[in-house]
Protein chains: 2
Amino acid sequence: MKKLINDPSDYVDEMLDGMVAAYPDRLRRLEGTKVLVRADGPVEGKVAVVSGGGSGHEPTHAGFIGDGMLDGAASGEVFTSPTANELDEMVQAADAGEGVLCVVKNYEGDVMNFDTAAEMADMEGVEVEQVVVNDDVAVEDSLYTSGRRGVAGTIFVHKVAGAKAAEGGSLEEVKEVAEKAIDNVRTMGMALTSCITPEKGEETFDLGEDEIELGIGIHGEPGTERTDLMSADEVAEHLTTNVLDDLEVEDGEEVVVMVNGMGGTPLSELFIVNRKVQEIVSDRGLDVWDTWVGDYMTSLDMEGCSVTVLRVDDELKELLEASVDTPALKR
Amino acid sequence: MKKLINDPSDYVDEMLDGMVAAYPDRLRRLEGTKVLVRADGPVEGKVAVVSGGGSGHEPTHAGFIGDGMLDGAASGEVFTSPTANELDEMVQAADAGEGVLCVVKNYEGDVMNFDTAAEMADMEGVEVEQVVVNDDVAVEDSLYTSGRRGVAGTIFVHKVAGAKAAEGGSLEEVKEVAEKAIDNVRTMGMALTSCITPEKGEETFDLGEDEIELGIGIHGEPGTERTDLMSADEVAEHLTTNVLDDLEVEDGEEVVVMVNGMGGTPLSELFIVNRKVQEIVSDRGLDVWDTWVGDYMTSLDMEGCSVTVLRVDDELKELLEASVDTPALKR
């Protein structure tokens, strides 16, 4: 294993400290936890939006803390849910008295611990609501969850919920737009290589030099199908077609496209994939309102990508283009 | 070789088309060339700032085209200089009558072709000035150039020159701030793995499983020293110390720090490196005014990082924090 790390057991701790060291005016670590919150929070008069999950998906989650997006993010160890206690601390620290929306990806550990944390915070008088993102069309049930997994589409949910909260929406309104985004977003991913977790130091699944894995998740779990190496265009075709079919798009609808890197893929290759994705989406008669290309929801050093399509209406477009100021996303 | 590509010979073409497809309102490709320019350019009344070089460094160069930064970027094939003809086309397309500053990285091919292009454009009545970035402290002369190579520090030069041009600076003034940034910026890089170029399909240098390469450039050329695998803290110490010593920093000076990924390194590892870089810089009595962590100047899929330090004064700080709106950098 070759990584820029020190002791593997310090990986998450040192990464979080390195983030705060990079953005000391933006991020603050809750002492004794793996929770980061807005340095200037809680923001008076605003509903808080928080998220969290295992580490290894950077810039998700903490990279999206800031004006117009998240108020806090809890990290577990690599690919491991944060504890209910830490999630509760985050919820309480983020709350400004207007309530807290938790954006949860559909993994059993995450859902269970966020549920427990919500109950704990509720007992302290914090109003908590929760949405569960399940955008991955690749699998119905997986090693990690029943129902579909939450993957890169989560970023769009953070964005619209954060924007609605920033414009003064009530907890109920913030939850509603998050659910609207969840209902209209689908993703599918693939890998050229497995990721290597710092603690284990080896691949979580084996792929031959001429093989790729389709339908991978973001936790080093293998995908749904192993096939021969495909060209970028074939990969784009496979992922995009599955996503669009599942989303049941109709001619003339407006969409946002995300081509997301899994952590070890150069940006140039994501653009090559995007070229074909755009062609396919246009051929379906869809109108691409906006495109995001880059590393948003990664899986350590995995090489590969995912394609996400979000169907948008005027409300979602307004929230997506609203001003945002975080380490990983500004507009 | 496992990459998300189609025919390797289409790599650059398809990447550029994929960029324009992602940002059609921002980028325009000059027909029959590998030059991208601002879709809304040339901008009346403004000095143009352009750059260029081989492909394989994405988001450099074209990702920094936009308000407050570059007006155009020319790409060669992977790690190959753009032709003088294409550079000339770029300069002429970017010029709004106020002159053009070319930001060139110090490689013989780039310098020679930019020189020729400047002469060609000059004959067409375009006023052209040029600055050469040479921030790499690792080598005095290399395979690719005499004198020091231009690497990640180039991004800061783009930023300050672009900001000065946006605020209405004259060609001479824009050149002056670019030179001030060049005089005050130093970088050193290292690699855990070599990159693999699409055409060759194999590593450009061999590294054992327990070896790393210090002092690498951004074109797959080997570094200055091969050593045993180091911890992230040791890497940070080695790179940062070399950079600070060369920059001859003095107690109490203000600096901007960049921890740049080489393309295949997860963001989490860059933050782990940043944690130690900040500690070292602070221990030297320096005041870190701003920090940039991410992939700015890459070398295809190479795993590794570089550390850049820029000494800043009030003028540079004002230009660095000026508004910028490009695909890869917004503030």
Side-chain angles (χ1 to χ4, degrees), chain A residues 1-7 10-12 14-19 21-23 55-56 58-59 63 192-193 207 209-210 212 229 231-233 235 257 259 263-279 288 291-295 298 300-301 303-305 327-328 330-331, chain B residues 1-7 10-12 14-19 21-23 55-56 58-59 63 192-193 207 209-210 212 229 231-233 235 257 259 263-279 288 291-295 298 300-301 303-305 327-328 330-331:
Chain A
M1 171 182 61
K2 290 171 103 170
K3 287 183 184 293
L4 287 167
I5 59 174
N6 299 301
D7 186 329
D10 296 330
Y11 187 84
V12 177
E14 294 185 346
M15 186 250 297
L16 294 173
D17 284 345
M19 287 188 80
Y23 315 110
S55 293
E58 294 68 29
L192 296 171
T193 65
L207 271 180
E209 188 50 38
D210 294 319
I212 61 171
L229 196 55
S231 70
D233 283 0
V235 164
V257 167
V259 178
T265 309
L267 191 54
S268 48
E269 296 180 28
L270 300 181
F271 282 122
I272 291 174
V273 172
N274 178 58
R275 175 186 155 276
K276 186 67 181 178
V277 171
Q278 298 286 332
E279 201 180 295
V288 178
T291 301
W292 297 31
V293 179
D295 282 8
T298 63
L300 294 171
D301 53 354
E303 291 176 50
C305 70
K330 293 192 178 73
R331 42 175 59 194
Chain B
M1 171 182 61
K2 290 172 102 169
K3 287 183 185 294
L4 287 167
I5 59 174
N6 299 301
D7 186 328
D10 296 329
Y11 186 84
V12 177
E14 293 186 345
M15 186 250 297
L16 294 173
D17 285 344
M19 287 189 79
Y23 315 110
S55 294
E58 294 68 27
L192 296 172
T193 65
L207 270 180
E209 187 52 36
D210 294 319
I212 62 172
L229 195 55
S231 70
D233 282 1
V235 164
V257 168
V259 178
T265 308
L267 190 55
S268 48
E269 296 179 29
L270 300 181
F271 282 122
I272 291 174
V273 172
N274 178 58
R275 175 186 156 276
K276 185 68 180 179
V277 171
Q278 299 286 332
E279 199 180 295
V288 179
T291 301
W292 300 28
V293 179
D295 282 8
T298 64
L300 295 172
D301 53 354
E303 291 176 50
C305 70
K330 294 191 178 74
R331 41 176 59 195

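In the text below, chain A, chain B and the rest are named by the order of the sequence lines, each starting its count at 1.
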- Considering only heavy atoms and a distance below 4.5 Å, find which of B:A328, B:G56, B:G63, B:S231 pairs most often with chain A. B:S231
- Does any non-hydrogen side-chain atom of A:M19 lie less than 4.5 Å from one of A:P327? no
- Item | Contacting region of A:T298 [heavy-atom separation from chain B under 4.5 Å] | neither
- Query: If you measure from CG on A:L4 to CG on B:N274, what distance do you get to the nearest 0.5 Å?
  - Reply: 12.5 Å
- Query: What part of B:L229 lies closer than 4.5 angstrom to a heavy atom of chain A: side chain, backbone, both or neither?
  - Reply: side chain
- Does any non-hydrogen side-chain atom of A:E269 lie less than 4.5 Å from one of B:Y11? yes
- Message: Working to the nearest 0.5 angstrom, can you tell me the gap between B:D233 CG and B:I272 CD1?
- Response: 9.0 Å
- Message: Looking only at heavy atoms and a cut-off of under 4.5 Å, which of B:Q278, B:R275, B:R331, B:K330 has the most pairs with chain A?
- Response: B:R275
- Within-4.5 Å side-chain heavy-atom neighbours: A:C305 and A:T265: no
- Message: When you compare the side chain of B:V257 with that of B:V277, does any pair of heavy atoms fall below 4.5 Å?
- Response: yes
- Side-chain contact test, heavy atoms from C-beta onward, threshold under 4.5 Å: evaluate it for A:I212 versus A:V235 and give yes or no. yes
- Item | Interatomic spacing from CD in A:E303 to CG in B:D301 - rounded to 0.5 Å | 6.0 Å
- Task: Counting only heavy atoms closer than 4.5 Å, note whether B:V293 contacts chain A via side chain, backbone, both or neither.
- Result: both
- Task: Report the option among A:A21, A:G263, A:A22 that has the most heavy-atom pairs separated by less than 4.5 Å from atoms of chain B.
- Result: A:A22
- What option among A:E279, A:E14, A:M1 has the most heavy-atom pairs under 4.5 Å with chain B? A:E14
- Item | Option that, when pairs with chain B are counted at under 4.5 Å, heavy atom only, ranks first among A:D210, A:V288, A:L192, A:D10 | A:L192
- Message: Heavy-atom cut-off 4.5 Å, strictly under: side chain, backbone, both or neither for A:E209 against chain B?
- Response: both
- Part of A:Y23 lying under 4.5 Å from any heavy atom of chain B: side chain
- Counting heavy-atom pairs under 4.5 Å to chain B, which of A:G294, A:A232, A:G304 comes out on top? A:A232
- Task: Against chain A, work out which of B:I5, B:V273, B:N6, B:V12 has the most heavy-atom pairs shorter than 4.5 Å and name it.
- Result: B:N6
